[in-house]
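If you're wondering where the values come from, they're calculated on a predicted model, not measured in any experiment. Computation of the quantities below employed the complete heavy-atom set of this structure, encompassing side-chain atoms and omitting hydrogens, waters and symmetry-equivalent molecules.
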Amino acid sequence: MQHPNIVEFQVTGDYALFSDPILRVGGEKCTYQVPTYEALKGILSSVYWKPTLIWYIDAVRVVNQIQTEVKGIRPIHYQDNKNDLSYYTYLKNCCYQVRAHFEWNENRPELAQDRNEHKHHNIAKRMIEKGGRRDIFLGTRECQGYVEPCTFGEGPGWYDDLPELSFGLMYHGITYADEAYSPETQGNMTARFWYPVMKRGILSFPRPEACPLTKVLREMERKPFGEALDNFSGLREFGEVT
């Protein structure tokens, strides 16, 4: 299904680290071979985000060859200020083309007056042209990324002639209470998993509600927005509510 508010952009970076959040607690960190849905959604949210809408990542195209590099890192212990020695496995020379669209967040009826599709679509495209409103990171903060407009599928790609490549079970993303899509996800933080298959360099992502495996992580309350809140004027000042 084609959506009228599709955006397409290219994100590049020297290094990337896409992994399951469970592996972020400490110790050795190893990247997935391809970007996760949640990481790409985070990149797009750094480009432009409003609580009125939800970004959906439709597909990602892996342009460059998948290569990894191991680095020795000296992180700080959680329990004290001493350093530790760990080895992190990063992707290097990364380049991805992304296609995405937004839909209204039905969990936010209090923001229905802000549902102006033309406005948000044009602002999002302008923000992509400017490289985003906030800093772009490829998975982790030490992996700086850069965003620019592109035509999805344009130009040569390393895997254009590869019919199919499977990656096994992979983390898809997290459904927060603000973006719940079913009674099971209402009032919870839920992790999603899927089995990605790249076809000729392109990964087509399922919608969050279509992921085959989910796990409730913990209970979570939906953060309300509205004029009754004391911080509403602050939200309006910083552009979260218009």
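For the pair Lys71 and Tyr87, the cation does not sit on the ring face, since its NZ or CZ is not both under 6.0 Å from the ring centre and inside 45° of the axis. Relative to the ring axis of Tyr159, Arg200 does not place its NZ or CZ within 45° and under 6.0 Å from the centre.
For the side chain to side chain donor-acceptor pair (under 3.5 Å) with Asp58, the lone residue among Arg207, His101, Arg99 that qualifies is His101. Each of Asp114, Thr52, Asp178 was checked for a side chain to side chain donor-acceptor pair (under 3.5 Å) with Arg108, and the lone residue meeting it is Asp178.
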Criterion side-chain hydrogen bond (donor to acceptor under 3.5 Å, both in side chains) on Glu69 and Tyr15, from CA distance to verdict: CA-CA 9 Å; Glu69 182 176 320; Tyr15 294 98; 3.2 Å; yes
>> The test is ring-ring contact (aromatic ring centres under 6.0 Å, His included); show your working for His120 and Trp104 and say whether it passes.
In response: CA-CA 11 Å; His120 290 297; Trp104 303 129; 5.8 Å; yes
### Steps toward side-chain hydrogen bond (donor to acceptor under 3.5 Å, both in side chains) verdict (Asn5, Glu117)
CA-CA 7 Å; Asn5 52 43; Glu117 185 172 4; 2.8 Å; yes
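Looking only at side-chain heavy atoms (C-beta outward), Phe102 and His121 come within less than 4.5 Å of each other. Within the 4.5 Å cutoff, no side-chain heavy atoms of Leu17 are placed close to those of Leu91. Using a 4.5 Å heavy-atom threshold, the side chains of Arg133 and Ile123 count as touching. A heavy-atom distance below 4.5 Å is not found between the side chains of Gln33 and Phe18. Looking at heavy atoms from C-beta onward, Phe9 lies in side-chain contact with Ile43 at the 4.5 angstrom threshold. Using a 4.5 Å cut-off on side-chain heavy atoms (C-beta onward), Leu213 and Leu169 make contact. In this structure, Val34 and Val60 have side chains that are not in contact, with every pair of non-hydrogen atoms separated by 4.5 Å or more. Side-chain contact between Leu217 and Thr190: absent, with no pair of heavy atoms (C-beta onward) separated by less than 4.5 Å.
Side chain of Gln97 to backbone of Gly153: a donor-acceptor contact under 3.5 angstrom is found. With Arg61 contributing its side chain and Ile202 its backbone, the two residues share no donor-acceptor pair below 3.5 Å. Side chain of Asp160 to backbone of Gly157: a donor-acceptor contact under 3.5 angstrom is found.
Here the closest non-hydrogen pair linking Pro35 and Phe205 is O-CZ, 4.0 Å. Closest heavy-atom contact between Gly173 and Glu38: CA-OE1, 3.3 Å. In plain terms, the two heavy atoms of Gln67 and Asn93 that are nearest each other are NE2-ND2, 4.4 Å. Between Cys95 and Gln10, the closest heavy-atom pair is SG-CD, 3.5 Å. Nearest approach of Met198 to Val62, heavy atoms of both residues: SD-CG2, 3.8 Å. Shortest non-hydrogen contact noted between Gly168 and Pro196 is O-CD, 3.0 Å.
Val197 and Leu203 fall into different hydrophobic clusters, defined by Ile, Leu, Val, Met, Phe, Trp and Tyr side-chain heavy atoms under 4.5 Å apart, directly or through other members. Val63 and Trp158 fall into different hydrophobic clusters, where Ile, Leu, Val, Met, Phe, Trp and Tyr side chains are chained together by heavy-atom contacts under 4.5 Å. Leu44 and Phe137 sit in two unconnected hydrophobic clusters of ILVMFWY residues. Membership requires side-chain heavy atoms under 4.5 Å apart, directly or through other members. Taking hydrophobic clusters as Ile, Leu, Val, Met, Phe, Trp and Tyr residues chained together by side-chain heavy-atom distances below 4.5 Å, Phe152 does not share a cluster with Tyr96.
Annotation: salt bridge (charged side-chain N to carboxylate O under 4.0 Å, His left out) contacts involving residues 139-159, sequence neighbours excluded, are absent. Sorted by first and then second residue, the pairs that involve residues 171-190 and meet ring-ring contact (aromatic ring centres under 6.0 Å, His included), not counting sequence neighbours, are Tyr37-His172, His172-Trp194.
In this structure, the separation between NZ on Lys215 and CG on Asn188 is 11.5 Å, given to the nearest 0.5 Å. Taking CD from Glu106 and CG from Leu111, the interatomic distance works out to 11.5 Å, rounded to the nearest 0.5 Å. Rounded to the nearest 0.5 angstrom, Cys150 SG and Ile128 CD1 are separated by 8.5 Å. Interatomic distance, Tyr146 OH to Cys94 SG, rounded to the nearest 0.5 Å: 12.5 Å. Atoms CE and CD1, on Met189 and Ile174 in that order, are 5.5 Å from each other to the nearest 0.5 Å. Rounded to the nearest 0.5 angstrom, Ser19 OG and Tyr32 OH are separated by 7.5 Å.
Partners of Thr68 according to the side-chain hydrogen bond (donor to acceptor under 3.5 Å, both in side chains) rule, which considers only residues two or more places apart in sequence or in another chain, do not exist here.
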